[in-house]
2 protein chains.
Amino acid sequence: MPTLEDVARRAGVSTATVSKVLSNTPYFTEATRNKVLLAVKEIGYVPNLAARALSSGKTQIIAVVFPYVYDAIFADPRILCVLEGIDAECNLRGYNLLISTPRLIEGSVDENYLQLIQSGYLDGVIALNHVPFASVLDPVIKKGLPAVSIGGPPSAYSVSSDHHAGGVLIMEHLLELGHRRIGIITVPDSINTGTEQLLQGIQDAAQAGGLDFNSLPKAVGDYSTASGTDCAAQLLRQHPDLTALLCLNDRMAMGALQEAHRLGLRVPEQLTITGYDDIPAAATTVPPLTTINQRSLTTGYEASRMLFELLNGQKPESKIIPVELVVRGSSAPPARR
Amino acid sequence: MPTLEDVARRAGVSTATVSKVLSNTPYFTEATRNKVLLAVKEIGYVPNLAARALSSGKTQIIAVVFPYVYDAIFADPRILCVLEGIDAECNLRGYNLLISTPRLIEGSVDENYLQLIQSGYLDGVIALNHVPFASVLDPVIKKGLPAVSIGGPPSAYSVSSDHHAGGVLIMEHLLELGHRRIGIITVPDSINTGTEQLLQGIQDAAQAGGLDFNSLPKAVGDYSTASGTDCAAQLLRQHPDLTALLCLNDRMAMGALQEAHRLGLRVPEQLTITGYDDIPAAATTVPPLTTINQRSLTTGYEASRMLFELLNGQKPESKIIPVELVVRGSSAPPARR
DNA sequence: AAGCAATAGTTAAACGCTTAACTCTATACC
DNA sequence: GGTATAGAGTTAAGCGTTTAACTATTGCTT
């Protein structure tokens, strides 16, 4: 592989000149610039990123970190959407994307990950901050790397969905349709801040509608479709009079949909089911899911924009991405009784 | 950040010694090894990967490349599964995963990507080789990097699903159920070798069953759910007597399912619909899809295993991953007429 | 005509690691 | 007792960039 020196020799200048021309440092004649550029083309020079990284301390690599919890990592289509947003932005700026999936063991993060963070290989990191008890961002911040968190603590630079609003929207939707006997398919308590806010929103809307949130039947799932099926089964068995199931994510809603079908309950005529996230599959279920769209693409995009501002030495404001109620076919007024 | 030299000073040895101890080169006393390891712990030394890369030529980074074609990139859940398999294996071996999504413009690949390949940042690459007309692997191979292709040309080191078998299985399934009037929802001709084999398998099974493949009604989609809906609508309009729709992927099958529902056709009683891929959502549609499972996780795993063998200087055999017919609720014998 | 600033380019050190080549024991062998 | 030999460790030369510090030239003021 040709090196800077080869280019320099060919162009009849010093390596410093070549380096500076390539990095657009001012103070060069057009003639020199052209000579250099020509030489680069002729011998097909491509800079060695490792050398550049060592010398400049900048690697042009940013990491997207999503810790391994539950099955919520690779099974979650939302991650792909967020990733797409991030990727698009990075591609534009010539940055490379490294993905890291640290294993969380006993509230701590695995050794590989720690090494990576400290290895000097990263210019910055974007974390999908699922778990409050072991922030994957702590080592990043300690190392002094620019970091932005998606759905993370507002303490850090972060972009999050407005989950409180999401909770309000979905509950209001159910109340407006006339539902009062609503089952909640939820997840373990405060698995992350986003969920807390979402539940709070649901609660606030319930209260406002004169419904006691605490007395609503609940079942605890783990985000997976299978758990949605189980929770729906359990709720409908114990409370056959429920007219709606509010699920904390789409995959559990899809599971609930399946269970409803198995029980011979027609959705939405006999049972309303709502989701949350608006994953691609939510639009294609039968009936398609009423849900909350989180604008995952925008989220990813904003996160990388924020990271790049940090890399430029700016101090961006944390962002809250608005959510949107998407009414599809899985919700309707409760049946007369 | 502490460097090798700091460790060496602290341990009272030379940097070479430290380096060798850390890389497990033989010929050291336990005492020395312990001294070094202790010093490493004490000052919290972590090797600088950029320096290591520059010096050794090994970066511990492998790239997963999936070109941007159609919407089939980030929208495709299969990619996540494959990625998960690759990630698991890389994590085990202490390698880092970089993802690259080259843009294909006029049969060529974008400049960023080319630079990355030649930058010396990569130890190897795994490509999801969707497009035959612009192999993203060409520049990789030219650069001399170990490369393995998933679903790529058998000319390269590759791991592919046995799509021919998949085609046979799904068509045989339909024939065994008694279907003869089968509509095919396909994609543009030979978009990739996998699809060619799949179609060939379908054709062979049809022939074996005494059915003329060429005379079967076909509609051309683009892998997306929406196109599945359109194709189904078109086929059912032009050929109301169809008893089954064979779709070349699950997402189009899900679209078809929606259209069937819209038309008031009950699946599978009045219309059988089959998919291909067995994406997670396929198990949760109503009714769940009969489809072909490609073992994406295994595919990813085998691809990285193969890459690591290449990195070790071995010459692995290309692998064909067997597929599996998954019979769910969307297929049944055709209705009497 | 001297002084100065801006422009154009060079030299060489530094980044932090690996590794070939070397030195210096201590032991083994005949 | 002399010579291999294997073990333990060191020295120093890279790897391919960037960049601070420097030199040289030109043009502009006064």
Side-chain angles (χ1 to χ4, degrees), chain A residues 1-37 39-40 43-61 94 115-123 143-144, chain B residues 1-37 39-40 43-61 94 115-123 143-144:
Chain A
M1 284 286 99
T3 71
L4 248 204
E5 211 176 321
D6 299 329
V7 177
R9 195 169 13 246
R10 175 114 193 181
V13 297
S14 72
T15 62
T17 301
V18 178
S19 173
K20 285 187 183 165
V21 164
L22 291 182
S23 62
N24 259 313
T25 307
Y27 303 144
F28 285 97
T29 55
E30 268 307 292
T32 310
R33 161 173 276 99
N34 290 337
K35 261 196 311 194
V36 169
L37 263 25
V40 166
I43 67 180
Y45 167 77
V46 172
N48 179 306
L49 290 187
R52 180 178 286 184
L54 177 57
S55 178
S56 71
K58 297 289 156 212
T59 60
Q60 303 285 106
I61 294 182
Q115 299 248 97
L116 174 64
I117 294 304
Q118 305 197 71
S119 69
Y121 244 171
L122 270 25
D123 281 354
K143 163 85 180 176
Chain B
M1 284 288 102
T3 72
L4 247 204
E5 210 177 322
D6 299 329
V7 177
R9 195 170 12 246
R10 174 110 191 186
V13 296
S14 73
T15 62
T17 302
V18 177
S19 173
K20 287 188 183 164
V21 164
L22 292 183
S23 62
N24 258 314
T25 307
Y27 303 144
F28 285 97
T29 54
E30 268 307 293
T32 310
R33 161 173 275 99
N34 289 337
K35 261 196 310 192
V36 169
L37 263 26
V40 165
I43 68 181
Y45 167 76
V46 173
N48 179 306
L49 290 187
R52 210 209 282 274
L54 177 57
S55 178
S56 70
K58 297 287 156 216
T59 60
Q60 305 284 108
I61 294 182
Q115 299 247 101
L116 174 65
I117 294 303
Q118 306 195 73
S119 69
Y121 243 170
L122 269 25
D123 281 354
K143 163 84 179 177

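Lettering of chains follows the sequences in order, A, B, ..., and the numbering in each one begins at 1. When reading the values below, keep in mind they use all heavy atoms of this one structure, side chains included, and skip hydrogens, waters and symmetry mates.
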So, do A:Thr17 and A:Phe28 sit near enough that their side-chain heavy atoms are less than 4.5 Å apart? yes

Looking at B:Leu54 and A:Ala50, what are the two nearest heavy atoms and their distance? N-CB, 3.9 Å

Heavy-atom check, side chain of A:Val46 versus side chain of A:Met1, under 4.5 Å: no

Do B:Asn48 and A:Tyr121 have side-chain heavy atoms sitting under 4.5 Å apart? no

In the 5'-to-3' direction, what one-character label does each nucleotide of nucleotides 15-23 of chain D receive under the scheme B = base within less than 4.0 Å of a protein heavy atom, S = sugar-phosphate only, - = no such atom? BBBBB-B--

OP1 or OP2 of C:dA8 under 4.0 Å from side-chain N/O of A:Thr32: no

Take atom CZ of A:Arg33 and atom C1' of C:dT7, then tell me their distance rounded to the nearest Å. 13 Å

Just how far, in rounded Å, is C1' of D:dT10 from NZ of B:Lys35? 13 Å

Checking B:Ser55 side chain against B:Ala51 main chain: does a donor-acceptor pair fall under 3.5 Å? no

Is A:Thr29 touching bases, backbone alone, or none of the nucleic acid, heavy atoms closer than 4.0 Å? sugar-phosphate

Residues at least two apart in sequence or cross-chain that pass salt bridge (charged side-chain N to carboxylate O under 4.0 Å, His left out) with B:Asp6, listed by chain then number, are B:Arg9

State, with a plain yes or no, whether a side-chain heavy atom of A:Pro2 is found less than 4.5 Å away from one of A:Val7. no

In whole angstroms, the gap separating P of D:dT26 from CZ of A:Phe28 amounts to 17 Å

Do the side chains of B:Thr29 and B:Thr32 get nearer than 4.5 Å, heavy atoms only? yes

So A:Thr25, base contact, sugar-phosphate only, or nothing? Heavy-atom distance under 4.0 Å. nothing

Quick check on the helix from C:dA1-D:dT30 to C:dC30-D:dG1: what's the angle between its two end axes, five base pairs per end, to the nearest 10°? 40°

Output yes when at least one side-chain N/O atom of B:Tyr27 is less than 4.0 Å from OP1 or OP2 of D:dA8, else no. no

May I ask you to test the B:Ile61-B:Asp123 pair for a side-chain heavy-atom distance under 4.5 Å? no

Rounding to an integer number of Å, can you tell me how far A:Glu30 CD sits from C:dG9 P? 11 Å

